[in-house]
Amino acid sequence: MRYKTLGKTGISVSEVGLGTWAMGSDYFGHTDDEQSIAAIRSALDAGINLIDTAPAYGSGHAEEIVGRALAGRRDEAVITTKCGTIRNKQGVFVRDLSFKGLQKQLDDSLRRLQVDVIDIYLFHWPDPATPDEEAAESIAKLKETGKFKHFGVSNFTLEQIDIIDKIIPVEVLQPAYSILDRRRAELIEKCAERDIGVMTYGSLAGGLLTGKFKEKPEFAEADTRENFYPFFKDRLWDKSMAVLKDLQVIADERGRTLAELAINFVSQDPNISTALVGAKTPAQVEANAGASGWKLTNAERRRINESFERNFGGTTAK
């Protein structure tokens, strides 16, 4: 496993990180907790040290799983979790970046994770009811408690980052990015220029870039990934499949899996420190780790970009 420095945090992180959204056992269907714990420990064994989670994943369940998995191995992991998005008793997502809300969320995350300090703490999503300046002032006060070391944002615009950064330094950005999703490419580049560390999510486009879907899937009711990854919708399915066909040729030429190619494409971007990839089992973690230790050539990256442009005709899959 190779490592990069996460921007101005100075933290050395594995170029492939572990995302735990699926371990919340909600949006991606039911998951087995013991398998999830084994997957996290397998990640550490493979040299993956960045573990990303959030209270929104299964109403805190993913954080609890991370806490259980890291018992006795805390010093091997860089823990990232988030605030500002929680689920109420009815299972509805609620945005809350108020000082009182943040204070409770921080303490709840520490308890579930079974740690005294969180390494990287992120605003998950903007809160329409709380001005960005107010949210920034609140999190700056909480940083003084020493309960988290570094601060960042996920799913925020550059304009919002500029507002927040004047009050508390934004050290990390966590945007969605993959071969099929280039919507945040300019944001990533501008943040990297300011030495804001970038950890991306959605590297496999909800599993589509693993190549396991040969036909448009009908997901179980509990699996709502297509709400976050539009590539499964009719308007983008054929375009996505055309890109995957080109990617498979390159992967075969290199003797790599499609997933390894997709993750490597993201992780080797000079503006990106680590590519977060979800997993439910140790086998999936080990497969994801195979994306490290090698590099696509400039010619191969050019072919990938040409396929994307040819099929999507722009910078993103809208």
Side-chain angles (χ1 to χ4, degrees), residues 1-24 36-57 62-83 105-106 109-124 139 142-143 145-154 168-175 177 188 191-192 195-203 263 266-267 269 271-279 285-286 288-289 291-293:
M1 180 62 61
R2 290 187 300 226
Y3 299 84
K4 295 182 180 181
T5 300
L6 186 62
K8 64 184 72 174
T9 70
I11 300 175
S12 179
V13 295
S14 50
E15 62 183 11
V16 177
L18 176 62
T20 64
W21 188 2
M23 295 179 189
S36 295
I37 291 170
I40 294 171
R41 292 174 178 167
S42 291
L44 298 178
D45 293 340
I48 294 174
N49 70 346
L50 184 63
I51 311 297
D52 178 81
T53 189
Y57 304 163
E63 286 187 324
E64 292 175 349
I65 293 300
V66 171
R68 289 171 58 189
L70 295 182
R73 303 187 67 173
R74 170 66 181 95
D75 61 344
E76 298 177 50
V78 176
I79 298 177
T80 298
T81 193
K82 309 175 189 73
C83 58
Q105 291 170 55
L106 178 56
S109 288
L110 289 167
R111 172 179 49 79
R112 288 190 290 256
L113 291 166
Q114 301 179 45
V115 298
D116 296 321
V117 181
I118 293 165
D119 297 307
I120 303 169
Y121 202 45
L122 307 174
F123 281 167
H124 203 161
I139 202 67
L142 289 174
K143 192 173 188 299
T145 66
K147 293 180 179 179
F148 65 92
K149 297 178 182 177
H150 302 281
F151 169 71
V153 299
S154 179
I168 178 173
V170 176
E171 301 173 272
V172 178
L173 171 72
Q174 186 184 118
Y177 187 75
I188 290 171
C191 284
D195 204 22
I196 294 175
V198 179
M199 58 170 79
T200 59
Y201 70 88
S203 307
I263 299 168
V266 176
S267 69
D269 188 307
N271 294 319
I272 295 171
S273 296
T274 187
L276 296 171
V277 190
V285 168
E286 292 166 9
N288 294 341
S292 181

task = Could you point out which residue of V66, T80, T81, L276 forms a side chain to side chain contact (heavy atoms under 4.5 Å, CB included) with T20?
result =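 Result for side chain to side chain contact (heavy atoms under 4.5 Å, CB included) with T20: V66.
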Nearest-0.5 Å distance, [atom1] of residue [X] to [atom2] of residue [Y]:
X: I118; Y: L106; atom1: CD1; atom2: CG; answer: 5.5 Å
X: I51; Y: I79; atom1: CD1; atom2: CD1; answer: 8.0 Å
X: K143; Y: Y121; atom1: NZ; atom2: OH; answer: 13.5 Å
X: E63; Y: Q114; atom1: CD; atom2: CD; answer: 11.5 Å
X: I272; Y: L173; atom1: CD1; atom2: CG; answer: 9.5 Å
X: I48; Y: I40; atom1: CD1; atom2: CD1; answer: 11.0 Å

Can you see which heavy atom on [X] is nearest to which on [Y], and at what distance?
X: M1; Y: A46; value: CB-O, 3.7 Å
X: A275; Y: S203; value: CB-OG, 3.5 Å
X: A279; Y: L18; value: CB-CD1, 3.9 Å
X: A39; Y: V285; value: O-CG2, 3.4 Å

Within 6.0 Å of CG in D116, more than 12 heavy atoms from elsewhere =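 12 or below, so no.
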key: Neighbour count >12 (heavy atoms, 6.0 Å) for atom NZ, K149   =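 Atom NZ in K149 is not crowded, with 12 or fewer foreign heavy atoms closer than 6.0 Å.
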Taking the side chain as every heavy atom from C-beta outward, state whether [X] and [Y] have any atom pair closer than 4.5 Å.
X: C83; Y: F123; result: yes
X: E171; Y: I11; result: no
X: Y201; Y: S154; result: yes
X: I37; Y: M23; result: no
X: L50; Y: L6; result: no
X: F151; Y: L122; result: no
X: L110; Y: V115; result: yes

task = Begin from the C-alpha positions of D119 and T9 and carry the test side chain to side chain contact (heavy atoms under 4.5 Å, CB included) through to its verdict.
result = CA-CA 10 Å; D119 297 307; T9 70; over 6 Å; no
State whether the side chain of [X] and the backbone N or O of [Y] hold a donor-acceptor pair below 3.5 Å, judged by distance alone.
X: N288; Y: I263; value: no
X: S292; Y: R2; value: yes
X: K4; Y: S267; value: yes
X: N49; Y: S14; value: yes
X: Y3; Y: G47; value: yes
X: T274; Y: M199; value: no
X: R112; Y: G67; value: no

task = Please list, chain by chain and in numerical order, all residues satisfying salt bridge (Lys or Arg N to Asp or Glu O under 4.0 Å) with R73, sequence neighbours excluded.
result =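 Here the qualifying residues are D45, E76.
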query = Does the pair V198 and Y177 meet the rule for a side chain to side chain contact (heavy atoms under 4.5 Å, CB included), with working shown?
reply = CA-CA 10 Å; V198 179; Y177 187 75; over 6 Å; no
